[in-house]
Amino acid sequence: MTTMFRYSVFPHLQDPCNSRRSVMAEPDYLDGDCEELIKPKKLINPVKSSRNHQDLHRELIMNQKRGLAPQNKPELQKVLENRKREQVIKAQKEEQEAHKKLSDLEIELMKRQQKLEQLELEQQKMQEEQENTPEFVKMKGNLRRTKQEADGEGRAT
């Protein structure tokens, strides 16, 4: 006889704790229908149940609320903070070295930029000198240029 047939023919043989059938086995004590089974209880932790542990825990909670956290940090936390601080310092040093070390291309570009700045300064000085020169000196220069141009045209023809 198959199990389905057996349960349908003999309903009193059905499992009283498991009213529905499923593919996976489910624990019977979760249903709450079975009063016959002994339900598991959580084990008592002897450390947490000790009076000293409870007093210490209560004192730590009170100090935390007041802001009186213990000043002595655990050794692991100290080591981790030191490592983190060293990593930050190392990263800063690497950044500074990267800024200090310039490639050949960067050096050439800086030289060209300095030359261009010097040329611009010289041009500005020349313009200022021309602006500050008296009018008759400017006219004299213009006359010389026109005379040279006229002489050059006369010879070319």
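When the shell of 6.0 Å around CD of Gln77 is examined, it contains more than 12 heavy atoms from other residues, nucleotides or ligands. The environment of NZ in Lys138 is crowded: more than 12 heavy-atom neighbours from other residues, nucleotides or ligands sit within 6.0 Å. A 6.0 Å sphere centred on NE2 of His57 holds no more than 12 heavy atoms belonging to other residues, nucleotides or ligands. Around CD1 of Ile44, the count of heavy atoms belonging to other residues, nucleotides or ligands within 6.0 Å does not exceed 12.
In this structure, CD on Gln64 lies 12.5 Å from CD on Glu59, to the nearest 0.5 angstrom. From Gln148, atom CD reaches atom OG1 of Thr146 across 9.0 Å, with rounding to the nearest 0.5 Å. Within the model, atoms CG of Asn45 and NE2 of His53 stand 7.5 Å from one another, a figure rounded to the nearest 0.5 Å. Summarising the geometry, atom CG belonging to Leu56 is positioned 4.5 Å from atom CG belonging to Leu60; distances are rounded to the nearest 0.5 Å.
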Going by atom type alone, with no hydrogens or angles, which donor-acceptor pairs under 3.5 Å involve a side-chain atom of residues 102-127 and a protein atom two or more places apart or on another chain?
residue, atom, partner, partner atom, Å
Ser103, OG, Glu106, N, 3.4
Glu106, OE1, Ser103, N, 3.0

Please assess Glu94 against Lys90 for the test side chain to side chain contact (heavy atoms under 4.5 Å, CB included), listing each intermediate value before the final yes or no. CA-CA 6 Å; Glu94 288 177 358; Lys90 186 177 180 181; 3.7 Å; yes

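Side chains of Arg51 and Gln54 form a contact here, defined as non-hydrogen atoms less than 4.5 Å apart.
Annotation for Ser49 and Pro46: closest pair OG-O, 3.1 Å, computed over non-hydrogen atoms.
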